[in-house]
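One structure is given here, and the rest of the page talks about it.
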Amino acid sequence: MSDQVPPIEGVPTEACRWREDWEPSAFPQYFTAAVVVLGITLPAFLLQPLVGPRAIALIYLLTVVLLALFVGRGPTLLAATLSALFWDFFFLEPIADLRIRNAENVIMFGMYFVVALVLGQLTARIRAQERQEHEREELAAALYRLTRELLEATSLEQLLQNAVRELERAFPARIVVLLPDSSRRLSCHAHPASTYDLTGPEQPLATRGFKDGLPAGRFARDLPEAETLFIPLAAGKDTLGVIGLHFDESTAAPTAQQRHLLQAFTQQIALA
């Protein structure tokens with residue numbers, strides 16, 4: 001099962017020009033898994049004369065299961081593999097040799113590897129499912145608040161003020177709203193509901209997002225070094241304006257769940 005949040009029904013994802021490298025690297029988790037397995041090997045040497053190799057296998061197995069509560073499925077697989085190899089190399093006869101000459105030890109090694117792999121993957125899958133359920137609950141609550149605020153609005157100005165307030169509540173960013181003028185060209189002046197004054201160099205990015213109907217600017221494929229991410233307000237085939245999110249330089253790239261939430265927000269605002 002993928003750890004990514006599935007698309008929201010009714011929110012188009014094929015038209016979004018997001019960067020593909022938004023998800024943070026999993027290298028620290030792989031490093032943590034290797035260090036933990038190596039670290040548990042050292043005290044295992046002290047216990048070996050007292051408990052024997054089979055008890056050491058249970059210690060390794062417990063380590064893999066506990067690791068799966070904190071790291072992903074890939075690092076869990078690495079931990080299961082390393083623990084099996086360390087157990088064979090350091091604790092099964094012949095010591096310091098990966099070859100296993102005893103048939104009983106061969107069976108033990110094979111059973112340990114399978115059990116460690118299965119338990120670790122199951123634990124990681126349950127953890128991923130719990131995280132996805134929590135993210136879905138947060139997403140639903142945020143959409144409910146936005147829908148309620150939009151329904152309570154009695155004018156366009158109030159609608160946009162409520163939308164900006166909910167966007168700032170859901171995302172660590174300041175918001176700028178740009179609407180088209182009477183000639184259907186995107187205005188260079190921010191709507192009064194905005195909390196961020198758009199700078200001149202970013203205006204072409206906003207215009208590009210308005211014309212193409214695709215995300216532009218920061219965290220998108222077009223000029224990702226920009227300070228603001230521009231999302232078009234699309235309702236069907238019409239683009240009604242652009243919302244910009246100005247993030248601080250230290251802000252990490254949004255997760256898949258945040259991307260889907262942002263798409264849902266802009267669609268709801270456009271429909272309203």
Side-chain angles (χ1 to χ4, degrees), residues 4-5 7-8 11-13 15-24 135 138-147 149-150 153 156-180 186-235 239-272:
Q4 294 184 348
V5 179
I8 305 170
V11 178
T13 57
C16 293
R17 188 164 51 197
W18 300 111
R19 287 173 58 188
E20 295 179 355
D21 58 343
W22 275 24
E23 296 301 328
E135 290 175 345
E138 290 184 339
L139 186 149
L143 285 177
Y144 170 76
R145 289 194 301 266
L146 175 67
T147 303
E149 293 290 340
L150 296 180
L156 176 62
E157 286 69 23
Q158 185 180 0
L159 184 148
L160 291 176
Q161 289 175 358
N162 294 348
V164 168
R165 182 171 60 251
E166 290 302 320
L167 279 167
E168 288 189 328
R169 183 176 180 179
F171 302 95
R174 290 179 292 167
I175 310 299
V176 59
V177 180
L178 300 173
L179 300 178
L186 191 68
S187 174
C188 60
H189 301 290
H191 188 275
S194 305
T195 59
Y196 170 65
D197 188 14
L198 187 65
T199 58
E202 292 185 311
Q203 182 66 35
L205 283 175
T207 303
R208 180 183 302 179
F210 178 74
K211 291 182 178 180
D212 297 345
L214 296 170
R218 189 171 182 182
F219 304 131
R221 294 186 185 279
D222 292 335
L223 296 178
E225 67 276 7
E227 296 181 352
T228 305
L229 169 64
F230 297 98
I231 306 294
L233 294 174
T239 302
L240 309 179
V242 170
I243 284 184
L245 290 85
H246 180 79
F247 298 92
D248 293 335
E249 294 182 359
S250 59
T251 302
T255 63
Q257 184 258 0
Q258 290 174 320
R259 296 201 305 268
H260 294 311
L261 178 60
L262 181 56
Q263 293 166 19
F265 264 43
T266 54
Q267 186 181 56
Q268 290 295 323
I269 295 170
L271 292 175

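Note that these values count all heavy atoms, side chains included, but never hydrogens, waters or copies made by symmetry.
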Any residue meeting side chain to side chain donor-acceptor pair (under 3.5 Å) with E157, in chain and number order, not counting sequence neighbours: none

Against V177, only a single residue in I269, L160, V242 fulfils side chain to side chain contact (heavy atoms under 4.5 Å, CB included); can you say which? L160

Taking atom CZ of R165 and atom CD1 of I175, what is their separation to the nearest 0.5 Å? 12.5 Å

Do you know the tightest heavy-atom contact between P215 and P232? N-CD, 4.0 Å

Can you tell me how far apart CD1 (I243) and CD1 (I231) are? Round to the nearest 0.5 Å. 9.0 Å

Can you measure from CD (Q268) to CG (L233) and round to the nearest 0.5 angstrom? 12.0 Å

